[in-house]
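As C-alpha cells, the structure follows; a few thoughts come after it.
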Amino acid sequence: MLEPLFGVLALFPSADALLKAIPQVKERGFTRLEAYTPYPVHGIDEALDLPKSKLGILVFILASLGAICAFLFEWWTSTVSYPLLTAGKAYNGWQAWVPVMLEGTILVGTFTAALGMLFVFNRLPFFGNPMLRSKAVDEITRDKFALVIRPGDGGLDTSAAIAALRAAGGQAIEVVPAPHYRRAGLAWWAKVTAGIGAACLVAGYGTAWAIRTFPTTKPMVEMENQPRLDAQAPDTFFASGRGMQLPPVGTVPRAFMPVLATNPDQGGKALVDPLPVTARVLERGRQQFDIHCAVCHDKLGTGKPWLDSTYEAQPTDLQSSTIRDASDGYLYWVISKGFASMPAYAADISPNDRWAIIRYVRALERSQDAPARDVK
Amino acid sequence: MSVASRVRSALPPRFAEPAGGRPRVAQPHVRPPLWTVHRTLWALVALGGAGIVAAWFLAGAQRFWVNWLMWLVFMVCLALGALFLVALQHMTGARWSVPLRRTAERIAALTPWLVPVAAIALFSLPVVFSWTQPDAASITPLVLKEHWLNRPFFIIRLAVCLGLWVLSYVVLVRGSVRQDVTKDPSLTVRLRRFSPVFMILLALTITDFAFDWVSALEASWYSDIFGVYLFAGAVTTAIAATLLAVMHLQRRGRLPGVTGDHVYNLGGLLFGFTIFWAYIAFSQYLLQWYADLPAEVFWYVQRTSGPMGLVFVLLGVGHFFVPFLALMSRADKKSPTRLKWVAIWVIFMEFVDVFWLISPIQGGGIRLGWPEVSFAAFFVAAGLLVIRRALSLGEDMPTGDPFLAAGLDFHLR
C-alpha cells in the first residue's frame, strides 16, 4: 500500500541545531525520523538510532575477495597455466603479485563502496525519491540540514508534527507528498536499451573513423626503439648483412664440445661418461629426459609416443635388449647426431646433460628389470 | 593591524583575555604516588647500565656498538617524529590538535639527549661500519663513495644534523612553552612560517642520518628511498607515543576538554601512517627484489633468510597487518583500550624494525640475549624518565595558543 504522505520536513541552519532538535522531536512521540544533510554528520546515526551501516563490512569482505582473486589470477596465469620464469625469479614470485593484489583490493573496494551505497542501500534505480520534489532539496544539498518526520504505523498527525518541529526550532516547514511509485515499463527499457546501443555505435564508429583518419601515435616507444640489433633482423653494419653474427670459424660455444668421433661404432668405444655418480646427476637426467625425450619415448622409455597418430615414426623401445646392450657412448652418439627419423639434439642439450640423460635411461632400464637383490 | 592583534581579534571571547592565564586544573590523585614508578625506572636504568658495562667487557665491541646504534636510531626516530608532528600542526594550521600539541612537544624533549648518545656512537665508527674497515680500499663501491664516507665529513654531517635538530627543538618547543607565559599570539604566526623550513631541513637531515647511520653500515648497499623508510617509521612511532602520553594525561584529568574525538583523530593518523610505512617498505623491497642486482639484493638476502627471515615476516605482519586491521573500523579508533594496546605494539614493532635493519650486520642468526635486554632496560627506562620529566614542561596544553579554544571545541562534525 502506498503512503498518502511522505512526511513533514523542517530545515535547520546547522548540524548542531539538527542534533539538538532530534531528541526534542523524539520526546513528543515521533520515532520514524530521517535526516538529510549536505555532508555526513558525525553522531547522527546514534541520534536517530540508526543501525550501524553494513556498507563497511560489505566493502571489507568484497575488497578482501578482490585481493584473493587477484592473487589466484596471478598465481594461475604465471605458475599453472603457463609457468613463467621472469628475470631469473623462482616460480611463485608472490612479491610481483602484490601490486596487482593492491589494485584489486582498491578497485573492488571502491566499486563496492560506491555502487553498494547507491544500488544496495539507496535503491538507486528508483529515481523518484519524494524528497527530490520538496522545496527544500536545493538548500539541503547546499548548507541546510533537514529533519523529516515519517508516518508511523498509525499514519501521521500532520499538525502535531508541524508543531513539534516548530518547537524544536525548525524552519521552512513543509509537508512532503507521497512518492509516486511507477514501475519502469517496456517503453522505458526500450528507450534505455536504444540509448545505450546508440551511444556504443557512435563511440565505436567514431573511434574507428578517427583511427583511420588521423595518424596514430604510439605512446612511449623508447623501449622499443633502442639503438640495438634485434634478433634475426638484417643489418647493414656487418659485411654479412646479418644482425646476429655466426661464431668465428674454428670456435665452439662454451660447454658445447662437438662430438669428435666420426661414426657410431667408433663413438661407442671412444666416448666415455665423464660425470660423477651422484643423485644430482640422476635428478638432472630425469628432468632433461622428461623435457626432451619423453614425448616420443614415454616417461619409462617404452617408445610409445604421446603424439597423436599423425606422427608416424616408431620410436625405439629404450627398454629393449638392443639398447640395454648398447654402450653409453653409442647412446651419446644417437642423441648428438640423431638416428634415422629421430632428430639430432646436439644444439639443444649440452654434453653434460646428454650424459645425465643416459644415466637416467640406464636407471629406467634397471627399474623395469630389477634383480631381486635390488628389492631387498 | 599587527599580526598579534589580527590573531587576537579572531579569538572566541572566553579566551581573549590573558589576565592571569587559565586556572590550572586540580590534579586528582587517583593513582598510587608517583615515586614507585619513578624508582622502578631508576632501578631499571641502574640495572641496564650495569648490563651495558658488562656487555662492553663480555659481549665484544661489535655487539655493544650495534646495540648502541639501534637505540640511537630508535631515539632519533621518536624525537624527530614528535618534532614532525608539532611542525605539521603549525604548517597545516590544524586546530583540533592544538590541545594535544604540548604532549607531542614534550616527547620531542628527547631531542637534546640525542647529542650525547650520538657523540658516544661516533666511537663505533672503526668497529661496525664497513667503510672504515681495512679492506675498504679494495672494494670498488666503497672507493667510489670515499668522498662522502670519510671520517671528517661524516662527523661534520652529524654535527650539522644534531645542531639543526636541537635548534628546531628550541624554536618549536621552547618557543611554544614560552608562549604559555607571554600569551603572545604572534609566536603562532612565526612558528607557522618556520615550520615549512623545518620540514625541508627534516627531509634532508633524516635522509642523511638514515644513509650515514643505517645504510652506511653496509656501505656498498644503497636505496634512495631509505630516508623515507626511516621517516615513515619515525612518524608512526611518534604518533603512537603521543597517543599513549595523551591517554596517560587524560586518565589523570590533566587534559580537560580533550575528548574521545581528539584521540580518535590520533588513531586515524596512526592508521594512515601505518599504511604509509607499509607502502614505502614494500616499494623498497619490491624494487630490489625485482632488479635482483647483487650490489643491492645481498642486503635483503641477509635480512630475509635464516632466522632473520622470521623477523622479516614478523615485521610485515606486526608493523602493518596488526595495526591496520586493529584500527580499521570507526569503533576501533573510539576504543581507548584498543588504541592503547595498538600504540604499545606499534612502538615495539618500530624497535623490531630498527633491530631488523641494524642487527644483521653482525651476521649469523638473531642476536638476542642479555646484552640486548640490558640495553633495552637502560634506554627504555631512561627515555621514560626524560619524557616523564618533560610532562611537567610548561602547561599541559599550550594555553598561550590563540587557537586552543577552537581546538578544545573540536567535535567530529
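Lettering follows sequence order; numbering is per chain, from 1.
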What one should report as the nearest heavy-atom pair of A:A96 and B:Y290 is CB-OH, 3.4 Å
Minimal heavy-atom distance between A:P99 and B:L286, with the atoms involved, is CG-CD2, 3.7 Å
Can you confirm whether more than 12 heavy atoms, excluding those of [X], are under 6.0 Å from its [atom1] atom?
X	atom1	answer
A:Q245	CD	yes
B:D224	CG	no
A:R280	CZ	no
A:F60	CZ	no

Under 4.5 Å to a heavy atom of chain A? For B:L325 that would be side chain
Here the gap from B:Y300 atom OH to A:Q95 atom CD, rounded to the nearest 0.5 Å, amounts to 11.0 Å
